[in-house]
Amino acid sequence: TYDIYSQLEINVSYSDHGKIASQLSDYGFRSEDTVYSDGVLVKGSIRTENEGDFTKKITEITSGRAKIIKIEEKFDF
């Protein structure tokens, strides 16, 4: 069967990245790329059915500082 995944970009500070690292795997986030510059940009995908809870948890952990952008939805199996 095919599942729908949401491709996301998560932009956080270095300290917030440490706080959310365990949540990425807990929610089944598939990290595809991580870019370190003035902050940390994590690119990856998560099952669309988990996106709402995941986004809420990341926002809560970072006190709203995380910038989460949904790039697209795609099918995967």
Side-chain angles (χ1 to χ4, degrees):
T1 65
Y2 289 94
D3 295 313
I4 301 174
Y5 281 80
S6 296
Q7 190 170 9
L8 304 176
E9 289 186 354
I10 306 167
N11 198 333
V12 292
S13 68
Y14 281 89
S15 61
D16 283 339
H17 183 255
K19 294 176 187 176
I20 69 166
S22 66
Q23 296 300 318
L24 298 179
S25 60
D26 288 352
Y27 280 87
F29 184 83
R30 297 179 178 181
S31 185
E32 297 162 7
D33 191 18
T34 304
V35 179
Y36 299 93
S37 58
D38 57 334
V40 182
L41 177 63
V42 181
K43 299 177 184 181
S45 57
I46 189 168
R47 291 177 91 154
T48 300
E49 65 190 40
N50 298 333
E51 180 187 352
D53 289 341
F54 174 76
T55 300
K56 182 178 177 182
K57 186 68 172 180
I58 298 302
T59 301
E60 180 182 297
I61 290 171
T62 63
S63 299
R65 291 182 299 271
K67 295 183 180 98
I68 303 171
I69 300 169
K70 183 174 184 174
I71 304 301
E72 66 179 347
E73 288 185 354
K74 59 184 179 180
F75 286 98
D76 201 353
F77 60 95

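In what follows, every heavy atom counts, from backbone to side chain, and hydrogens, waters and symmetry copies are set aside.
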Ring geometry between Y2 and F75 (parallel below 30°, tilted from 30 to 60°, perpendicular above 60°):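 The rings of F75 and Y2 stand perpendicular, inter-plane angle above 60°.
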Quick one: pull up [atom1] in [X] and [atom2] in [Y] and give me the separation to the nearest 0.5 Å.
| X | Y | atom1 | atom2 | answer |
| --- | --- | --- | --- | --- |
| D3 | I46 | CG | CD1 | 12.5 Å |
| I4 | D76 | CD1 | CG | 11.5 Å |
| I69 | Q7 | CD1 | CD | 12.0 Å |
| R47 | S6 | CZ | OG | 11.5 Å |
| K67 | I58 | NZ | CD1 | 15.0 Å |
| R65 | S13 | CZ | OG | 6.0 Å |

Joint cluster assignment, V35 & Y14, ILVMFWY side-chain distance < 4.5 Å: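 In one cluster: no.
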Non-hydrogen atoms of S31 and V42 that approach each other most closely: OG-CG1, 3.9 Å
Minimum-distance pair of heavy atoms, taken over all atoms of R30 and Y5: NH2-OH, 3.0 Å
Does any part of the side chain of [Y], heavy atoms only, come nearer than 4.5 Å to the side chain of [X], both counted from C-beta?
| X | Y | value |
| --- | --- | --- |
| F54 | L8 | yes |
| D26 | Q23 | yes |
| I71 | K43 | no |

Side chain to side chain contact (heavy atoms under 4.5 Å, CB included) partner of H17, the single match among L41, V12, T62: V12
Main-chain N/O of G52 paired to T55 side chain as donor or acceptor, under 3.5 Å: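 Answer holds: no.
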D16 with K19: basic N within carboxylate O range, under 4.0 Å: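 So D16 pairs with K19 through a salt bridge.
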Partners passing salt bridge (charged side-chain N to carboxylate O under 4.0 Å, His left out) against K70 (at least two apart in sequence or in another chain): E51, E73
